[in-house]
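Since the structure comes first, as structure tokens, the remarks are kept for the end.
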Amino acid sequence: MYEYKPEILEPIFEKWRKILRLTESWDVRLELIDDPGFKKTGDLKIDTTDRKAIIMLNAKNPRQENPEEVICHELMHLKLYPLDQLTEDLILAHYEEGTPEYRAVYRQFMEHLEITVEEMAKCWLGAFGEDKELSFGRCREMKSFDEFYEGLRPL
């Protein structure tokens, strides 16, 4: 099992705060989460009023092996947060929350946001990362092609 260690994470965190120009504009804290109920590798809490954010990383059971990739990814969410909030507000202005239409548009938005953030993180990691090796931890948890179609009738 892979674990994130604070002595490794702090220098990576500070490096990426500088690269992404977040040191002056945001107060950001890195917190390691030891709770077994915390299933994500990383998450973000943001207070836009005070321009403060907390990056939370799963210390004991991360699904990704490259902490630099995860830190870059979570900080990229912070960079894109104003656009994220604008889009959510537009969705709420046009669709009633809880309706099938709202759920469909919101799900698509969140999927595209995550894909975009991950792609940008990969690009920045490739350009400026110390560890350019991408993590494939989530892939290991997914079904294989054969497992996905197991039990279906042959066509």
Side-chain angles (χ1 to χ4, degrees), residues 1-92 103-150:
M1 178 190 296
Y2 190 81
E3 289 187 23
Y4 289 163
K5 302 196 183 321
E7 61 273 9
I8 293 171
L9 297 176
E10 277 299 328
I12 295 169
F13 175 66
E14 291 305 323
K15 169 191 167 180
W16 282 99
R17 283 184 60 218
K18 289 177 186 153
I19 289 173
L20 295 174
R21 298 176 37 159
L22 292 167
T23 53
E24 299 300 321
S25 57
W26 284 88
D27 295 311
V28 187
R29 176 183 293 168
L30 179 65
E31 288 186 3
L32 297 180
I33 309 298
D34 290 332
D35 180 3
F38 187 69
K39 301 295 182 195
K40 298 174 107 184
T41 296
D43 204 356
L44 180 66
K45 289 185 180 182
I46 299 173
D47 179 349
T48 55
T49 305
D50 286 339
R51 297 198 51 92
K52 292 179 183 170
I54 299 171
I55 304 289
M56 300 172 297
L57 297 182
N58 189 330
K60 297 294 181 190
N61 191 24
R63 296 164 65 194
Q64 303 286 43
E65 302 93 355
N66 184 346
E68 188 171 12
E69 180 182 1
V70 176
I71 288 170
C72 179
H73 175 100
E74 294 305 328
L75 289 172
M76 199 64 70
H77 272 296
L78 184 56
K79 288 293 282 188
L80 292 174
Y81 192 71
L83 184 59
D84 173 340
Q85 291 306 286
L86 172 67
T87 306
E88 286 193 40
D89 287 346
L90 288 170
I91 292 170
L92 279 170
R103 286 192 298 273
V105 170
Y106 191 77
R107 180 187 51 77
Q108 286 181 43
F109 162 63
M110 292 305 286
E111 285 176 5
H112 288 291
L113 173 65
E114 197 61 29
I115 289 167
T116 301
V117 166
E118 184 58 25
E119 187 60 29
M120 290 176 65
K122 288 176 186 177
C123 293
W124 282 78
L125 189 70
F128 304 106
E130 295 295 319
D131 183 354
K132 297 176 189 306
E133 185 72 29
L134 298 177
S135 297
F136 289 87
R138 290 186 351 184
C139 288
R140 288 189 191 91
E141 298 172 6
M142 296 177 179
K143 289 183 176 184
S144 71
F145 185 81
D146 288 342
E147 290 169 329
F148 187 72
Y149 289 101
E150 190 173 291

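If you're wondering where the values come from, they're calculated on a predicted model, not measured in any experiment.
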For residues 26-35, dump all side-chain donor-acceptor pairs below 3.5 Å to protein atoms at least two apart in sequence or in another chain.
unit_1 : atom_1 : unit_2 : atom_2 : d
Asp35  : OD1    : Gly37  : N      : 2.8

note = All heavy atoms of Leu44 vs all of Glu74, minimum pair found to be CD2-O, 3.7 Å
query = If you look at every heavy atom in Tyr4 and Asn58, which pair is closest and at what distance?
reply = CD1-O, 3.5 Å
query = For Lys132, which residues count as a side chain to side chain contact (heavy atoms under 4.5 Å, CB included) partner, sequence neighbours excluded?
reply = none
message = Using a 6.0 Å cut-off, check whether atom CD of Gln85 has over 12 heavy atoms from anything other than its own residue.
response = yes
ask   = Can you list the residues that meet the side-chain hydrogen bond (donor to acceptor under 3.5 Å, both in side chains) rule with Glu65, with sequence neighbours excluded?
value = Arg140
ask   = Which ring pair (Phe, Tyr, Trp, His ring centres under 6.0 Å) pairs, counting each pair once, include a residue from residues 43-69, with sequence neighbours left out?
value = none
Pairing residues for Ser135 by the side-chain hydrogen bond (donor to acceptor under 3.5 Å, both in side chains) criterion, not counting sequence neighbours = Glu69
ask   = Can you name the closest pair of heavy atoms from Asp47 and Thr49 and give their distance?
value = OD1-N, 3.1 Å
List the atom pairs, donor and acceptor, that lie under 3.5 Å between side-chain atoms in residues 104-114 and the rest of the protein, sequence neighbours left out.
unit_1 : atom_1 : unit_2 : atom_2 : d
Tyr106 : OH     : Glu88  : OE1    : 3.3
Arg107 : NH1    : Glu111 : OE1    : 3.4
Arg107 : NH1    : Glu111 : OE2    : 3.1
Glu114 : OE1    : His77  : NE2    : 3.1
Glu114 : OE2    : His73  : NE2    : 2.7

task = Could you pull out all residues at least two apart from Ser144 that satisfy side-chain hydrogen bond (donor to acceptor under 3.5 Å, both in side chains)?
result = Glu147
task = Could you list the residues that satisfy side chain to side chain contact (heavy atoms under 4.5 Å, CB included) with Phe136, not counting sequence neighbours?
result = Leu134, Cys139
remark   = For Thr41 and Pro62, the nearest pair of non-hydrogen atoms, with its separation, is OG1-C, 3.7 Å
Extract all donor-acceptor atom pairs below 3.5 Å that involve side chains of residues 7-19 and protein atoms in other chains or at least two apart in sequence.
unit_1 : atom_1 : unit_2 : atom_2 : d
Glu14  : OE1    : Arg17  : NH1    : 3.1
Glu14  : OE2    : Arg17  : NH1    : 3.3
Lys15  : NZ     : Glu68  : OE2    : 2.8
Lys15  : NZ     : Phe128 : O      : 2.9
Trp16  : NE1    : Glu68  : OE2    : 2.8

ask   = Does the side chain of Leu78 come within less than 4.5 Å of Leu20's, by heavy atoms?
value = no
